[in-house]
Amino acid sequence: MIHKPTKRPLIISGPCSAETPDQLLKTTLELKATGKVDILRAGIWKPRTRPNSFEGVGEIGLKWLIDAGLETGLPVITEVANAKHVEAALKAGFTKLWIGARTTVNPFTVQEIADALRGTGIEILVKNPINPDLNLWIGAIERLKNAGLEHVDAIHRGFSSVESKTYRNAPMWEIPLALKQEFPGIVLICDPSHITGKRDLLQQVAQKAMDLIYDGLMLEAHIDPANAWSDAEQQVTPKNLAVLLNSLILRSEHSENVELNSELALLRQKIDLIDEEITALFAKRMGVIEHVGRYKRDHHITILQPNRWREIQKKQLENGQKNGLSAKFIVKYLEALHQESIRHQTAIMNK
Ligand code: PEP
Ligand code: MN
């Protein structure tokens with residue numbers, strides 16, 4: 001059901017952690033009543049960054065989750081972090097599991113889980129590793145596929161980053177999109193709860209995921225979010241989950257409307273032409289740069305001129321601001337431009 005979803009977005013919801021049978025069942029009944037949830041999630045083993053935080057109820061919770069699923073008819077999913085967890089979950093009757101971000105980083109553990117799952121036909125979702133390393137994510141998926149699992153899909157939950165202030169985990173959307181390019185058939189689920197860390201920001205991240213054609217969403221919901229034993233700030237009540245989901249605008253990738261499509265094609269032609277101009281301008285800049293390079297070489301001047309570089313940055317940041325371009329974009333693009341310029345000049349120096 002995850003691997004070939006019949007509905008978009010596929011919604012996986014439930015509490016961060018199963019706390020008590022009562023908390024889990026009440027949350028599940030309310031989630032079921034929204035009519036919007038496809039799969040029930042709950043963490044039983046919680047790999048927490050610091051000790052002495054709530055680390056999950058453990059094996060006993062497996063049965064609570066299975067029972068809540070039976071009571072409501074919702075399929076269930078939980079997180080496994082080692083082979084022992086896999087064994088216990090399989091024994092309890094789970095057919096869907098996910099691997100958490102703190103596990104995906106460790107190839108030995110992922111391999112151990114893959115070996116424990118060999119021949120089971122289980123559906124498995126792999127969260128991105130906590131660090132922004134696409135290959136680690138790809139590697140984890142490959143290990144599971146190599147163990148003969150056919151239903152291996154992915155959850156994007158953001159990346160630990162010193163830079164991120166707005167979000168608990170920076171989304172770095174380009175990474176999951178690159179994963180999708182690597183595995184075109186993969187089902188990609190977005191987890192706005194762990195990306196944002198704050199319920200106020202869930203909607204905008206969920207909407208962005210829909211606009212980037214994600215297949216589904218994993219959103220944490222709790223009967224009493226403020227008093228949740230883990231991730232209290234990012235959970236929502238089942239009712240608010242329904243409000244959030246109702247607010248999402250689902251745009252389709254293509255329009256049926258021929259006129260609209262030709263208008264879009266025209267705009268795209270314009271974009272292509274502008275991109276060509278930009279590339280030609282870059283090439284023109286490199287021509288001048290090479291000229292400067294020859295001058296520097298002949299007069300024994302260094303390639304790198306920090307003051308000149310700072311001056312360029314300052315000018316273009318101001319210019320960018322005037323033209324509605326973000327400082328982040330200008331800094332990034334100038335950086336790339338600078339590197340390419342240095343590369344051209346180095347080639348000249350070494351001639
Ligand atoms: C979770 O889903 O509750 C969880 C622990 O997530 P992550 O592995 O993304 O931190
Ligand atoms: Mn959580």
Side-chain angles (χ1 to χ4, degrees), residues 2 10-19 23-24 27-28 31 37 39-51 53-58 61-62 64-65 76-82 85-86 89 94 96-106 109-110 113 124-133 136-137 140-141 144 153-161 164 167-172 175-176 179 188-199 201-202 205-206 209 214 216-237 241:
I2 299 174
L10 184 80
I11 303 298
I12 305 175
S13 186
C16 176
S17 305
E19 298 164 5
Q23 165 256 5
L24 185 61
T27 306
T28 308
L31 283 173
V37 175
I39 299 172
L40 174 68
R41 65 147 281 156
I44 302 296
W45 299 284
K46 303 299 300 178
R48 306 319 289 180
T49 303
R50 305 274 308 269
S53 30
F54 173 60
E55 291 189 313
V57 293
L62 292 173
W64 307 348
L65 195 46
V76 292
I77 187 165
T78 195
E79 174 175 345
V80 287
N82 59 40
H85 294 167
V86 170
F94 280 75
K96 303 179 207 313
L97 298 168
W98 86 80
I99 294 181
R102 291 164 194 75
T103 305
T104 309
V105 287
N106 188 333
T109 312
V110 173
I113 291 173
I124 184 118
L125 290 166
V126 185
K127 285 203 173 195
N128 65 256
I130 35 183
N131 53 327
D133 185 340
L136 212 43
W137 199 3
I141 291 167
L144 293 155
D153 293 298
I155 304 176
H156 168 218
R157 53 76 80 192
F159 303 88
S160 261
S161 150
S164 176
Y167 298 123
R168 178 176 173 190
N169 292 296
M172 303 185 174
I175 297 180
L179 184 84
L188 188 57
I189 308 277
C190 180
D191 173 350
S193 304
H194 292 90
I195 288 176
T196 64
K198 297 180 202 79
R199 21 186 179 275
L201 298 177
L202 294 174
V205 169
Y214 277 58
L217 298 168
M218 181 185 253
L219 285 153
E220 288 183 343
H222 191 288
I223 192 81
D224 181 10
N227 291 307
W229 297 2
S230 59
D231 290 351
E233 277 154 45
Q234 68 195 35
Q235 304 205 59
V236 289
T237 59
L241 177 86

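Values below: all heavy atoms of this structure, side chains included; hydrogens, waters and symmetry mates excluded. Just so you know, ligand 1 is whichever comes first in the structure, and atom 1 is the first atom listed for that ligand.
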Salt-bridge contact R41-E220 (side-chain N to carboxylate O under 4.0 Å) |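 A salt bridge links R41 with E220.
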
Salt bridge check: are D231 and R168 linked by an N-O gap of less than 4.0 Å?
->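 Looking at R168 together with D231, the answer is yes, because their closest N to O distance falls below 4.0 Å.
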
Taking N or O atoms only and a 3.5 Å limit, does [X] qualify as a polar contact for ligand 1?
X	answer
A101	yes
E79	no
R48	no
D231	no
D191	no

Is any side-chain heavy atom of [X] less than 4.5 Å from a side-chain heavy atom of [Y]?
X	Y	answer
V80	F94	no
L202	S193	yes
I189	D153	no
V57	S17	no
N169	S160	yes
P176	N128	no
T104	L136	no

Under 2.8 Å from the Mn ion (ligand 2), the protein N, O or S atoms, given as residue and atom =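 Atoms qualifying: C16 SG, H194 NE2, E220 OE2, D231 OD2.
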
What are the atoms of ligand 1, with element, lying closer than 4.0 Å to any heavy atom of [X]?
X	result
C16	3 (O)
R102	7 (P), 8 (O), 10 (O)
K127	1 (C), 2 (O), 4 (C), 6 (O), 7 (P), 8 (O), 9 (O)

Does G43 have a heavy atom less than 4.0 Å from any atom of ligand 1?
->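 Flag not set, G43 not near ligand 1.
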
With a 4.0 Å cut-off on heavy atoms, does M218 reach ligand 1?
->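 No, M218 has no heavy atoms under 4.0 Å from ligand 1.
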
For atom 4 (C) of ligand 1, what is the nearest protein heavy atom, given as residue, atom name and distance?
->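 The closest heavy atom on the protein side is H194 NE2, 3.5 Å.
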
Taking H156 for the side chain and P171 for the main chain, is one N or O donor matched with an acceptor at less than 3.5 Å?
->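 Side chain of H156 to backbone of P171: a pair is present.
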
Is the W45 ring parallel, tilted or perpendicular to the H85 ring (thresholds 30°, 60°)?
->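 Answer is parallel, since the angle falls under 30°.
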
